[in-house]
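Quantities reported herein were computed from a predicted structural model and do not represent experimental measurements.
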Amino acid sequence: MTLAVVFSGQGMQSASMLRWLPDDVLSSQWRTNDAQSPTLFSNAVAQPLLVRVGLQAWNLLKPHCPQPLAYAGYSVGELSAFAAAGSLTEADALRLAPQRAALMDAAGQKYPGGLLAISHYSATLLADLQTRYAVELSIRTGVDTALLGVPRSQLASLAAELQSRGMTARPLAVSVASHTTMMEPARAAFEQVLTTVDFQAPHTALFCNADGATVRTPERARWALAHQLSHTVQWLDCMQGLYERGVRCLLEIGPCKGLSTMWQQNFEGVHARSVDEFSQQSAIIDWVHRHAE
C-alpha cells in the first residue's frame, strides 16, 4: 500500500464544500454562512470545525480504505493527524482545538499580524525583506512558495512591493501571524495545556510540522504540537519525508484542495486528491483503491 492521509488546516472559505458528508457532520453555521463571512475565518470557529470535520470525514472513509503508510497534518490539522495515528484521543484533539485557537487569538491581540502567500521567492529575497520588514517565514509550502508572517501594519505595503516586482503576493483571510515568534505567548501557554494530555506513541508513521521528521514518542508529540505555533511549519520537508517513505497516493482530508495541489506542484508520480473534489463517498473510496494498491 502506498497511501498517506493528510489533514488540512485551512479552507473555510466556502459553505458548499464537502457536499458528500452527511448533514449532521457539518455545523449549520458552516452550511448557512455566506462564503465570505468573517465568522468562517475566525480561529474560534475555523480551528475546532476543521478538526471535528476532518476526524469525522476520515472515520467515515477509514473502514473502506487500505491502512495508510503515514499521516500528517497541516497547521491545526496536526491535531486530527495525531488522533488518527493514535498519539492522542479524538476527544483530546477536539478539546485542544478551541484552546489552541483562543491562545493564538490572545497572542494576536498582543502582536497583531497576518499571513502573505508568495511565490517565486528565494533565500536572498527573504533575507532582504527581513532587513526592511519584520517578516518571518511562517510555512514552507514548496521550493519557491511560502507563507510569510507579517505585522498587520506592514502587510499592505509588503504585498504592494512584491506585486510591483511581478511576484504573487496574496494576503490571507486570517487574523494572526501563525507559526512566527508573534505566537510565542500562545506556544508557551499551549505547552502547559499539553502537559494535561495523555500522549501515546503513534501506531503509524506520523510526520510533524516542527521539523518534517516523524514522531515516535509521547514526549516528542507534545513538543511538536507546541513548537509549531511559534516556529516555521516545515511542510515541504513533511512532503519530502512522505515521498521518501514510499507514498504514491495522497488523500487530503478537509474542505479544500490546497495540500493535494502542493503535492502535484512539487512531486511527480504521486496521485494526490482532496476529498473535497468528490461529490460521493463511494467515488473517494474507488479512487483510493485504484491508486494506493
Side-chain angles (χ1 to χ4, degrees), residues 7-13 27 29-30 33 35-54 73-80 93-118 126 129-130 132-141 146-160 162 169-194 208-210 223-235 254-256 258:
F7 290 87
S8 177
Q10 59 181 4
M12 301 303 300
Q13 68 268 29
S27 71
Q29 185 176 42
W30 191 4
N33 260 327
Q36 299 304 316
S37 170
T39 304
L40 289 178
F41 298 104
S42 69
N43 286 325
V45 172
Q47 292 195 25
L49 187 55
L50 282 164
V51 173
R52 181 171 66 82
V53 170
Y74 181 93
S75 191
V76 72
E78 274 207 325
L79 290 175
S80 303
L94 295 170
R95 177 176 64 87
L96 289 169
Q99 294 181 72
R100 181 185 189 273
L103 292 172
M104 291 178 69
D105 281 340
Q109 290 179 356
K110 186 174 182 179
Y111 302 109
L115 296 179
L116 190 68
I118 64 170
L126 183 60
L129 294 177
Q130 288 173 327
R132 296 184 294 110
Y133 295 91
V135 169
E136 295 182 49
L137 187 59
S138 171
I139 304 179
R140 293 181 67 221
T141 58
L147 300 186
L148 300 181
V150 190
R152 192 169 302 160
S153 60
Q154 297 182 342
L155 195 59
S157 58
L158 176 58
L162 294 178
R170 178 174 56 88
L172 302 188
V174 297
S175 58
V176 299
S178 52
H179 316 299
T180 71
T181 56
M182 285 179 270
M183 290 292 105
E184 180 57 26
R187 184 211 60 78
F190 197 52
E191 186 175 61
Q192 291 302 307
V193 170
L194 293 175
C208 71
N209 290 183
W223 168 81
L225 285 176
H227 186 84
Q228 61 123 292
L229 288 185
S230 60
H231 294 76
T232 301
V233 165
Q234 303 293 346
W235 188 247
C256 66

ask   = Looking at T141, L162, L126, V135, which one forms a side chain to side chain contact (heavy atoms under 4.5 Å, CB included) with I118?
value = L162
request  = Search all heavy atoms of F190 against all heavy atoms of A226 and return the closest pair with its distance.
outcome  = CD2-CA, 4.3 Å
query = At what distance, to the nearest 0.5 angstrom, does OG of S80 lie from OH of Y74?
reply = 14.5 Å
ask   = Between T180 (side chain) and S138 (backbone), is there a donor-acceptor pair under 3.5 Å?
value = no
query = Less than 4.5 Å apart, any side-chain heavy atom of S178 and any of M104?
reply = yes
ask   = Between H179 and T232, is there a donor-acceptor pair closer than 3.5 Å when you use the side chain of the first and the backbone of the second?
value = no
key: Minimum-distance pair of heavy atoms, taken over all atoms of A169 and A159   = CB-O, 3.9 Å
message = To the nearest 0.5 Å, what is the distance between CD on Q10 and SG on C256?
response = 4.5 Å
Which atom of L137 lies closest to which atom of A146, heavy atoms considered = CD1-CB, 3.5 Å
request  = Spell out, as yes or no, whether a donor-acceptor pair under 3.5 Å connects the side chain of E78 to the backbone of L225.
outcome  = no
query = Does CZ belonging to R132 count more than 12 external heavy atoms closer than 6.0 Å?
reply = yes
query = Would you call F7 and L79 a side-chain contact if the rule is heavy atoms closer than 4.5 Å?
reply = no
key: Shortest non-hydrogen contact between A134 and P151, atoms and distance   = O-CD, 3.1 Å
query = Can you check side-chain contact (heavy atoms from CB on, under 4.5 Å) on L229 and L103, steps first, answer last?
reply = CA-CA 10 Å; L229 288 185; L103 292 172; 5.9 Å; no
request  = Kindly compute the distance separating CD (Q47) from CG (L96), expressed to the nearest 0.5 Å.
outcome  = 11.5 Å
message = Give me the atom names and distance for the closest heavy-atom approach of P185 to Y111.
response = CG-CE1, 3.9 Å
Passing option when L115 is tested against L147, V150, L148 for side chain to side chain contact (heavy atoms under 4.5 Å, CB included) = L147
note = The reported gap from NE2 in H231 to CD in E184 (rounded to nearest 0.5 angstrom) is 6.5 Å
message = For the backbone of T181 and the side chain of E136, can you confirm whether one donor and one acceptor N or O come within less than 3.5 Å of each other?
response = yes
key: Taking every non-hydrogen atom, the tightest pair across L172 and A117   = CD2-CB, 4.1 Å
ask   = If only atom types and distance count, is the side chain of R152 paired as donor or acceptor with the main-chain N or O of S175 below 3.5 Å?
value = yes
